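Step one of this worksheet: look at the structure below.
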Amino acid sequence: MSKALVCSCEDVTVEDIRHAVAKGFRDVESVKRFTGFGTGVCQGKSCLSAVGALLAREKAQKPEGIVPFTPRPPLYPTELSLLASFPVDESKPPVGGVPQELDTFPATLRPEGAVPTRARVVIVGGGVLGLALAYNLSLRGETDVVVLERGYLCAGASGRNGGGVRMQWGTAANIELAKRSIELMGRFARDLGINVWLRQGGYLFMAKTKAVAERLERNAALHNKHGVPTRMLTLDEARDVVPGLSLEGAQAVSYNPEDGVIFPWPFLWGYANACRKAGIQVETYTRVTGFELSDGLVRKVKTDRGDISCDTVVLASGAWSPEVAKLAGVSLPNEPHRHEILSTEPLKPFLGPLVSVLDSGLYFSQSMRGEIVGGMGDPLEPAGLNMGSTLRFVSRFARALTEQLPNLGHVKVLRQWAGCYDVTPDNSPILGRTPGLENLLQLSGFVGHGFMMAPAVAERMAQWMTTGASDELFTRFNLRRFQEGKLEREDMIIG
């Protein structure tokens, strides 16, 4: 049977676009994520206008709402070896990036009509944490819930991360949460009807300094106490796990074969679909503009589509949480930091685990389609809501990656993007009630690992909210700890 291709790079057809529209993905960014169009070699140059015309023809979107995405550097498929040769001044902080602005969505993309005037629970943030919480509330009979998302699903960090999921953490709380999350991910397709492509190829951490090596050894012993089979590898054993990996300068390597990688986008779609089936309203392109407060409670959430009276508000806005909390007069200690990431052309499968050099923050894995997907922190990255892409990052990453896997120098980078970590002073989340506003609940500050913790945290938070049962998680990581100096530092942060 012949098929009408729209995107020849990714084999996306006219029917695929129509299917996306029928599923409710009606703007260019949402359709791009649902179908994968524009993510191949041509970076949308040969298909973007065709998709826009189709959206107009299908009356999925008004003409003024058909806003194209902006291709990011590198604008053409470019070999890692060439990118690695670009000079970088490591003494100066990164600035700017392309595109400059991602936080403004055209008013025409907002759904027509007002939001509900009343809901028992309003969740601010339609990322994986907010949606997972809404889903878990529905499992416990609470469906009078509205989720507010300022953009499209997957617009924030949940749709921009590398998909890594691991049990190798430095605190007992995170180890147990990660174990439960990965267990829930393993049955996600059965429970929510969508495949998130969980592949448990392991995580291999490398240490190049004595201090980090000691941390890996200490944490491996802690993992074993919690039933996580992390083990320290000799360098020869590490080469067997990742053939071709350079271990020059390595002082220690840890490996847990039960860690893995999933595909982030369907993870959100699965939660969003289940919420909608349960009667929960997920309102995209809806921005919170303020709160109405009285007698130590939040009475209304104000949005650009109307006000919602409520009993409880949950702040799950990730890197935007401090900005939203400020609207209620609450000061949060977390701050956003950009993290950049890229993807190469696909290769034959050769890389089992996600590999990370903990000292530099380099990480990389191979996707189910064969792409090398990875990122690297920048110690000079200033705080701020910046999701632009820079040549500085891709050059630093290309250099670091080809040092570890020299055979990849000829591989071409196809695309690049960025998201924001939601960073707290102790690298641990902010959960539970807000002092002075008891019905404003905190669910943020996961420092880049909220994606992998969401299933377990949401499960416990829904239980805590609907039963009133005590749960030390929501006391231990309360906002008060920053004032009281009771910090719990997590040291297994990549980047």
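The model shown is predicted, which means the values in this text are computed figures rather than measured ones.
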Using 0.5 Å steps for rounding, measure from the [atom1] atom of [X] to the [atom2] atom of [Y].
X: L441; Y: R433; atom1: CG; atom2: CZ; answer: 5.5 Å
X: N161; Y: C154; atom1: CG; atom2: SG; answer: 9.5 Å
X: T424; Y: L487; atom1: OG1; atom2: CG; answer: 8.5 Å
X: Y255; Y: Q168; atom1: OH; atom2: CD; answer: 10.0 Å
X: S309; Y: K300; atom1: OG; atom2: NZ; answer: 4.5 Å
X: N174; Y: E490; atom1: CG; atom2: CD; answer: 4.5 Å

Would you check, one step at a time, whether the test side-chain contact (heavy atoms from CB on, under 4.5 Å) holds for V121 with D144?
CA-CA 7 Å; V121 180; D144 190 7; over 6 Å; no
Please confirm whether the backbone N or O of [Y] pairs with a side-chain atom of [X], one donor and one acceptor, at under 3.5 Å?
X: S428; Y: E488; result: yes
X: T344; Y: I372; result: yes
X: R338; Y: E381; result: no
X: W417; Y: R160; result: yes
X: S317; Y: V124; result: yes
X: S181; Y: A456; result: yes
X: D304; Y: R287; result: yes
X: N439; Y: L297; result: no
X: S30; Y: Y152; result: no

Inspect the contact between [Y] and [X] and indicate whether a charged nitrogen and a carboxylate oxygen are less than 4.0 angstrom apart.
X: K62; Y: E64; result: no
X: E340; Y: R72; result: no
X: R33; Y: E29; result: yes
X: R18; Y: E58; result: yes
X: K302; Y: D307; result: yes

Should [X] and [Y] count as side-chain neighbours, where that means a heavy-atom distance under 4.5 Å?
X: V115; Y: V301; answer: no
X: V282; Y: E149; answer: no
X: I262; Y: F188; answer: no
X: I194; Y: W269; answer: yes
X: I280; Y: L137; answer: no
X: R166; Y: M492; answer: yes
X: V423; Y: N334; answer: no
X: F205; Y: N256; answer: no

Between H223, H449, H226, which is the residue that forms a ring-ring contact (aromatic ring centres under 6.0 Å, His included) with W169?
H449
Pi-cation contact, F69 with K32 (under 6.0 Å, within 45°)
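Yes, a cation-pi geometry holds between K32 and F69.
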Given the rule in the side-chain contact (heavy atoms from CB on, under 4.5 Å) test, do F446 and V457 qualify, once you have shown the distances and angles that lead to the verdict?
CA-CA 11 Å; F446 282 88; V457 172; 4.0 Å; yes
Are there over 12 heavy-atom neighbours, none belonging to R120, within less than 6.0 Å of that residue's CZ?
no
Give a yes or no on whether K45 atom NZ has more than 12 heavy-atom contacts from other residues, nucleotides or ligands under 6.0 Å away.
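More than 12 within 6.0 Å, yes.
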Checking side-chain polar atoms at under 3.5 Å, does T13 have a donor or acceptor matched by the opposite partner on D16?
yes
Side-chain donor-acceptor contact under 3.5 Å, R415 with Q43:
no
How far apart are the C-alpha atoms of R369 and E371, what are their side-chain angles, what is the distance that settles it, and do they pass the side-chain contact (heavy atoms from CB on, under 4.5 Å) test?
CA-CA 6 Å; R369 300 200 315 177; E371 305 148 322; 2.7 Å; yes
Please name the pair of heavy atoms, one in [X] and one in [Y], separated by the smallest distance, quoted to 0.1 Å.
X: V147; Y: A134; answer: CG2-CB, 3.8 Å
X: E459; Y: N136; answer: CA-OD1, 3.5 Å
X: A178; Y: M453; answer: N-SD, 3.8 Å
X: S389; Y: A418; answer: OG-N, 4.2 Å
X: P116; Y: Q281; answer: CG-OE1, 3.1 Å
X: A319; Y: L385; answer: O-CD2, 3.8 Å

Identified side chain to side chain contact (heavy atoms under 4.5 Å, CB included) partner of L177 from the options I182, L473, T171:
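Exactly one pass, corresponding to L473.
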Single hit among L109, V31, V67 for side chain to side chain contact (heavy atoms under 4.5 Å, CB included) with Q61
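The option that passes is L109.
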Verify side-chain contact (heavy atoms from CB on, under 4.5 Å) between Y285 and R110, making sure each step is shown before the conclusion.
CA-CA 5 Å; Y285 297 104; R110 283 203 296 267; 4.2 Å; yes
Scan the side chains in residues 197-204 for donor-acceptor partners under 3.5 Å anywhere in the protein, sequence neighbours excluded, and list what turns up.
unit_1 : atom_1 : unit_2 : atom_2 : d
R199   : NH1    : G352   : O      : 2.8
R199   : NH2    : Q366   : O      : 2.4
Q200   : NE2    : E258   : O      : 2.7

Ring centres under 6.0 Å, that's the criterion: do Y271 and F267 meet it?
yes
Parallel, tilted or perpendicular, judged at 30° and 60°: which one describes the rings of H19 and F34?
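Rings of H19 and F34: tilted, as their planes differ by 30° to 60°.
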Taking salt bridge (charged side-chain N to carboxylate O under 4.0 Å, His left out) as the criterion, tell me which of R481, R489, R476 meets it with D426.
R481
